[in-house]
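All remarks here apply to the structure that follows.
Reckoned from all heavy atoms, side chains included, excluding hydrogens, waters and symmetry mates.
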Amino acid sequence: LLFQAPNRIGFYNRDNISILLRLKSELGDVIDRVIHTQSMTHELNDARKILSVLNIANQYHHDLKTPLAIIDGVISTDIYDEAKRREIVIEQVKRGSQLIATMANMLKEKRERKITTIDLGQTLERSAFLFESSFDHMNIHIADTCHIGGDAVDLTILFSNIIKNAAEAASKERENTLTIILSKNPSHARIEIRDSGEGMNEEKQAELWQLTSSKKTDGNAIGLQAVKRIAEEHNIIIQVESTPDKGSAFFLSCPLISKEQITPHHAVEENK
């Protein structure tokens with residue numbers, strides 16, 4: 001049996017047709033498997049993100065208690081006059097509200113990624129604020145105003161995980177210091193997040209982004225997986241330098257957006 005294909009020179013024989021029919025019957029299953037695999041990959045990424053956020057919540061849940069403890073101490077004593085007590089209470093209420101609002105936003109799942117204009121300085125300061133009580137000293141230097149396009153919640157998760165790891169790497173031999181420096185060149189923002197913790201050897205650095213990598217005996221590196229994924233989604237390049245017993249530094253290079261790209265709509269989103 002020979003069959004001439006329309007608009008083609010030549011013929012298909014029985015074997016050719018059998019192969020085509022077999023491909024037709026199998027192709028649908030292959031496509032279904034590919035779609036299913038992609039769906040499972042997205043669900044796995046979502047699950048990792050949720051675990052990452054929960055790890056962050058577990059790390060600084062005691063920080064939520066700190067403002068309440070300070071308020072309780074202030075109103076239970078006569079150390080301060082009425083005006084000073086009022087000032088401290090308002091300050092601690094504001095701090096507690098910021099912590100709760102940030103965590104609530106981070107826990108919002110099944111949402112569409114919202115790309116807006118992000119002020120990196122503000123986002124870094126808010127992320128560091130979550131772990132303020134975890135460090136003996138915190139130095140934040142915002143040299144320039146830097147704007148990038150991105151998802152504010154995801155970027156908060158990225159920075160928070162790096163800072164959380166810095167807090168967990170604290171050395172028992174010296175004070176725990178966190179230094180954050182933000183600067184820029186014409187095309188990119190440069191972020192340096194440096195700690196004074198235990199540091200990492202070359203082997204540990206080589207496997208840093210692997211899922212099984214963790215500085216903690218009960219860790220699973222879910223946070224670093226979230227950092228890696230969010231960085232890739234935002235075209236952020238991350239480099240790490242670390243020396244055992246001297247601390248670690250994360251360097252992030254983030255593509256800036258121009259002034260023309262900062263629309264009034266984005267500005268409203270940023271200032272909410």
Side-chain angles (χ1 to χ4, degrees), residues 52 56 59-60 63 95 98-99 102 106 116-171 173-200 202 204-205 208-209 215 223-224 226-259 261-262 270-271:
S52 170
I56 293 173
Q59 165 68 20
Y60 75 92
D63 285 3
R95 181 186 181 197
Q98 288 176 336
L99 285 166
T102 299
M106 291 170 66
T116 60
T117 298
I118 306 298
D119 185 317
L120 278 181
Q122 290 181 2
T123 305
L124 280 166
E125 288 178 335
R126 290 168 183 163
S127 301
F129 173 76
L130 298 175
F131 300 93
E132 185 178 20
S133 64
S134 299
F135 296 91
D136 298 307
H137 302 285
M138 185 177 288
N139 307 309
I140 302 177
H141 305 283
I142 308 297
D144 300 288
T145 300
C146 302
H147 294 94
I148 69 171
D151 184 286
V153 175
D154 278 355
L155 288 171
T156 300
I157 291 173
L158 183 154
F159 297 137
S160 296
N161 270 299
I162 294 177
I163 297 170
K164 168 179 171 288
N165 277 4
E168 292 173 342
S171 171
E173 307 298 326
R174 53 187 173 275
E175 291 186 327
N176 192 21
T177 300
L178 179 75
T179 300
I180 299 176
I181 301 174
L182 173 63
S183 59
K184 69 179 180 181
N185 60 35
S187 61
H188 286 75
R190 185 178 186 274
I191 300 169
E192 177 182 340
I193 303 176
R194 182 180 296 274
D195 65 62
S196 60
E198 296 177 346
M200 297 177 286
E202 292 183 1
K204 194 66 177 179
Q205 292 181 61
L208 185 62
W209 305 110
K215 294 179 182 179
L224 289 176
V227 168
K228 182 175 182 291
R229 177 183 59 79
I230 295 169
E232 290 174 348
E233 291 175 350
H234 288 77
N235 296 317
I236 296 174
I237 298 173
I238 302 181
Q239 295 178 312
V240 182
E241 294 180 1
S242 187
T243 304
D245 299 322
K246 292 187 177 180
S248 302
F250 283 72
F251 300 94
L252 294 81
S253 178
C254 313
L256 295 170
I257 59 175
S258 64
K259 291 182 179 180
Q261 293 174 292
I262 303 177
E270 178 184 347
N271 294 326

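- Distance alone, capped at 3.5 Å, is enough to place a donor-acceptor pair between the Arg174 side chain and the Gly197 backbone.
- A donor-acceptor pair under 3.5 Å is absent between the side-chain atoms of Lys246 and the main chain of Gly199, judged by distance alone.
- Side-chain contact between Thr156 and Thr123 is present, with at least one heavy-atom pair separated by less than 4.5 Å.
- Atom-to-atom distance recorded for Glu192:CD and Gln239:CD is 11.5 Å, nearest 0.5 angstrom.
- Interatomic distance, CE of Met138 versus CD1 of Ile163, reported as 6.5 Å (0.5 Å rounding).
- Nearest heavy atom pair, residue Ser183 against residue Asp144, reads CA-OD2, 3.7 Å.
- Here the shortest heavy-atom pairing between Met200 and Gln205 reads O-NE2, 3.4 Å.
- For Phe251 against Arg194, the heavy-atom pair with the smallest separation is CZ-NH2, 3.5 Å.
- Looking at Asp136, its side chain does come within 3.5 Å of a backbone N or O of Asn176 through a donor-acceptor pair.
- Residues Asp245 and Ser171 are not in side-chain contact: their nearest non-hydrogen atoms beyond the backbone lie 4.5 Å or more apart.
- Shown here for Asp151 and Ile118, the closest heavy-atom pair between the two residues is C-CD1, 4.4 Å.
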Step by step, would you call Ile180 with Phe159 a side chain to side chain contact (heavy atoms under 4.5 Å, CB included)?
CA-CA 11 Å; Ile180 299 176; Phe159 297 137; over 6 Å; no
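- Put simply, CG on Leu256 and CZ on Arg190 are 13.5 Å apart, with the number rounded to the nearest 0.5 Å.
- Asp195 contributes a side-chain N or O that, together with a main-chain N or O of Ser248, makes up a donor-acceptor pair within less than 3.5 Å.
- The distance from the CD1 atom of Ile236 to the CG atom of Leu158 is 5.5 Å, given to the nearest 0.5 Å.
- Here the side chains of Asp119 and His147 are in contact, with some heavy-atom distance below 4.5 Å.
- Of the inter-residue distances, the one linking His188 atom NE2 with Asn235 atom CG reads 8.5 Å to the nearest 0.5 angstrom.
- Of all heavy-atom pairs between Gly121 and Ile142, the closest is CA-CD1, 4.0 Å.
- Considering all non-hydrogen atoms of both residues, Thr179 and His141 come closest at CG2-CD2, 4.4 Å.
- Ile257 contributes atom CD1, which lies 3.5 Å from atom OG1 of Thr117 (distance to the nearest 0.5 angstrom).
- A distance-only check finds a donor-acceptor pair linking the side chain of Ser196 to the backbone of Glu175 [under 3.5 Å].
- Here the side chains of Asn161 and Leu224 are not in contact, with every heavy-atom distance at 4.5 Å or above.
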Test log, rule side chain to side chain contact (heavy atoms under 4.5 Å, CB included), inputs Ile237 and Leu252:
CA-CA 6 Å; Ile237 298 173; Leu252 294 81; over 6 Å; no
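- Taking 4.5 Å as the limit, every side-chain heavy atom of Ile191 sits out of range of all side-chain heavy atoms of Phe250.
- Ile140 CD1: more than 12 foreign heavy atoms inside a 6.0 Å radius.
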